[in-house]
Amino acid sequence: MSITTRFAPSPTGYLHIGGARTALFSWLLAKNKGGHFLLRVEDTDRERSTKEATDAIIQAMAWLDLAAEGTAVFQSERFDIYNSHIDKLLENGHAYWCECTPEQVEAMREKARAEGKKPKYDGRCRERGLGPGAGRVVRFKTPQDGVTAFHDMVKGPTAVQNAEMDDMILRRGDGSPTYNLAVVVDDHEMGVTHVLRGDDHVANTPRQILLYQAFGWDVPDFGHVPMILGPDKAKLSKRHGALSVMEYKNMGYLPEALVNYLARLGWSHGDQEIFSRAELVELFSTGHLGNSPSVFDIKKLEWLNAHYIKEAAPERLAALLPEFITEPEGLKLDPAYLASIVPLLQQRAKTLVEMAEMARFFLLPTDRLVYDEKAVADQLKPEARQLLTELLPLYEAAGDDSDHKALEAATQAFLDERDLKFKAVAQPLRVALTGKTASPGLFETMCVLGKGESLARIKRALAL
RNA sequence: GUCCCCAUCGUCUAGCCUGGUCCAGGACGACGGCCUUUCACGCCGUUAACAGGGGUUCAAAUCCCCUUGGGGACGCCA
C-alpha cells in the first residue's frame, strides 16, 4: 500500500533548519516507499501568517529539491470544512460550547499552578449544554480517564494519561478553527498515512488521536524527530546565527551539502557520511532516526560543502558564482572564463563566498589588480625583479596556447641554466600575477589568465 | 510547579532491541607529520566518550532501578 507524508509549516517566518530537516525526512520517507509527499500551509492564524513567508518556504524547499506533489493546501481556505466537522463533533457529543473568557481560564490555570498541579481548563462548561453564542468557543470533550497510546516511529511505544489533557478548544470565539482540529481534518482528507514532525508536537499527538477516534477515522503513524540544538545545547535560535535555509544559500552552501548534512544530523546508516540523493531515498528508514537532540555543527557542514564543491561540474559553479562576487562592475565575468577559473578553486574553497573572493584577482583588469603591500615589499626585491625581467622574453616567446606543463618546463630550464631553485621565482612571480602570496598553481593561473594578461601583470608589477 | 522525553569522544554518530566478537568503531574539529612553488587538496598519525550509583548475570555501553544533568510540553500559537 502506498503511503503519504506531508510537511505542514506555519508561514510565520522563513524555512529554518529544523523545519527543513523534518521536511527532508518526510520527503525521504515518502520516496523510500514510493509514496506521496504533500505540502500544507498552516495559516489559520491570520495575524501572524504572511504571503511572503509562504513564498519563502516554497522557494527554500525548491532550492533543496524537496518539492511537494500538486499544489499546496492552505488551511485559511478551508474554514467551512473545519466548521462542518466541528458541528459533527457537537452533534455526536464529543464537543461542547463553552462561554468561559480567556481571563477566567487563565485564572483556573493560575489556581492549578498554585496548587502544584498541571495548569488546565477545569471543564466547568462541559455539562452545561450551552448553545452557540457570541464569543463562545467549542471545546473537545476529552476522556477523563484511560490512556491514549501510540507507537511512535522514532520513540517507540508512547502513552499519555487522558487525565493529563484538558478540553482543548476546537473553534475559537471568532469562529476560526484551532491547530489540532485543522491538522486532523486535513491529514485525514489528504490521505496522510505517516506524520513525521518535530519533537515539540509530541504532546499534540494524543489529542489528535482522540480526535481521530471521535471522528471514527483511521489513525496515521506518527514519528517525532528530536530537536536541533545550538552550540550551547539550547534550542537553535537566531542568536546562534543563521536559521533560515536561504541564509545558507547566501553563505555559499550547495543544497546537496545542506541536505546531506541535515540527513546525517539525527539519522545514520552505519558509518557512511556522504550520501547522494538516490542513496538517501534508497536507505532512509525511520528506524535509524536517533532519539536524542543533536547540536548543529557548522564545521561539518563546511566540510561537506567543500566535498560537494570539489565534485560539482565547473560550469554549474561558474553559473552560481556571479551572485557572490562583490562590486562586480568592470570585472571579467563571462561564463566561459569563470568556468576556466573554477577548477583551480574547487580544491580550495569551502563555500562559494570563499570561491568568489579567491577568484577576484582573475577577474580584475590589469590596471585594477590590487597588490598587497607587504607581499610586494617581501617578494619583489631587486634580485627577484631581475629574474622576472629575464623571464619575460621566455613567456613572450611561448605559444599562445602553451599548457601549464610547458610553461613550467620552460621556467625550470631557465632556472637550471642559472643553477637556481624554483623558490627563487615562485613567490615573486605569484605576487606579480595575483598581487598576493597565496594562489592556485602558478602555471595553471597563467594559462587561465592568458598570455597577454599574464605578461601585462608581470610588467605592471615590475613597474611598481 | 505538573507531565513527558533524552543521556557513547568537543560535535555528528555506530554499537543497545536480539548481553560476550567493544580495554567501544567511523566522521567533523583540534593537534602533529608527510607531500609541496604559496594557499589549499590529499595522505599518515595523535587526541578524546559508554553521566554517576546501585542491581540482574559467569559476563552489561547493551537489561532493571535510583540520582544527576539536559530538553520539551502545559495557548482562543502552530
Side-chain angles (χ1 to χ4, degrees), chain A residues 8-12 42-45 47-49 75 98 100-102 105-106 109 112-121 135-139 152 155-156 158-161 163-166 168-180 182-183 198-204 206 224 226-227 229 231 233-235 261 264-274 287-288 290-304 306 310 344-350 358 375 379 408 411 421-431 434 436-443:
Chain A
S10 159
T12 53
E42 311 222 315
D43 54 352
T44 52
D45 183 348
E47 302 282 297
R48 304 197 303 149
S49 302
Q75 292 192 324
C98 166
C100 297
T101 63
V105 177
E106 188 43 44
R109 291 194 233 275
R113 245 187 289 263
E115 291 168 1
K117 289 191 235 154
K118 190 166 186 142
K120 296 197 315 188
Y121 168 70
R136 289 184 183 173
V137 302
V138 174
R139 286 183 182 274
D152 193 292
K155 298 174 183 300
T158 305
V160 174
Q161 299 291 328
E164 286 297 322
M165 299 179 267
D166 64 3
M168 64 180 150
I169 291 176
L170 303 177
R171 183 186 194 271
R172 299 188 185 95
D174 66 1
S176 63
T178 56
Y179 168 76
N180 282 119
V183 166
D199 218 351
D200 45 338
H201 285 293
V202 256
N204 288 319
H224 296 90
M227 322 224 324
L229 273 26
K233 308 246 182 167
K235 189 173 176 173
Y261 178 72
R264 202 52 197 66
L265 190 65
W267 176 80
S268 63
H269 182 259
D271 288 338
Q272 190 170 344
E273 296 287 350
I274 306 286
H288 281 91
N291 49 5
S292 53
S294 20
V295 174
F296 190 85
D297 179 15
I298 192 90
K299 286 287 187 187
K300 191 154 184 182
L301 207 210
E302 260 178 20
W303 170 73
L304 278 164
K310 288 184 193 91
L344 304 197
L345 269 20
Q346 280 176 288
Q347 303 296 320
R348 290 165 231 270
K350 289 200 280 286
M358 291 175 180
Q379 303 299 337
E408 179 168 3
T411 307
K421 294 277 191 200
F422 202 93
K423 289 187 194 271
V425 291
Q427 286 304 76
L429 186 52
R430 188 181 314 282
V431 171
T434 71
K436 307 178 297 177
T437 52
S439 82
L442 280 176
F443 305 105

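In the text below, chain A, chain B and the rest are named by the order of the sequence lines, each starting its count at 1.
- In this structure, OH of Tyr179(A) is placed 6 Å from C1' of A78(B), rounded to the nearest angstrom.
- In the interface, the side chain of Asp199(A) is not paired with the base of G72(B) through any donor and acceptor atom under 3.5 Å apart.
- Rounded to whole Å, the separation between the C1' atoms of G26(B) and G20(B) comes to 23 Å.
- When both pairing distances are held under 3.5 Å, C58(B) makes a Watson-Crick or G-U pair with G20(B).
- Within the 4.0 Å cut-off from OP1 or OP2 of G75(B), at least one side-chain nitrogen or oxygen of Arg109(A) is found.
- When the side-chain nitrogen and oxygen atoms of Ser10(A) are compared with OP1 and OP2 of C77(B), none of them lie within a distance under 4.0 Å.
- With hydrogens and angles ignored, a donor-acceptor pair closer than 3.5 Å exists between the side chain of Asn204(A) and the base of A78(B).
- Pair check for U36(B) finds none; no Watson-Crick or G-U wobble contact set falls under 3.5 Å.
- The same atom, P, is picked in G53(B) and in U68(B); the two are 15 Å apart, to the nearest Å.
- Taking 4.0 angstrom as the limit, Asn291(A) places a side-chain polar atom (N or O) nearer than this to OP1 or OP2 of A7(B).
- Between Lys310(A) and Gln346(A), the shortest heavy-atom contact is CG-O, 3.3 Å.
- For U13(B), the OP1/OP2 oxygens have a side-chain nitrogen or oxygen of Ser294(A) closer than 4.0 Å.
- Pair assignment for A14(B) gives none, since no Watson-Crick or G-U wobble pairing has each distance under 3.5 Å.
- Look at the C1' atom in both C43(B) and C4(B): the space between them is 49 Å, to the nearest Å.
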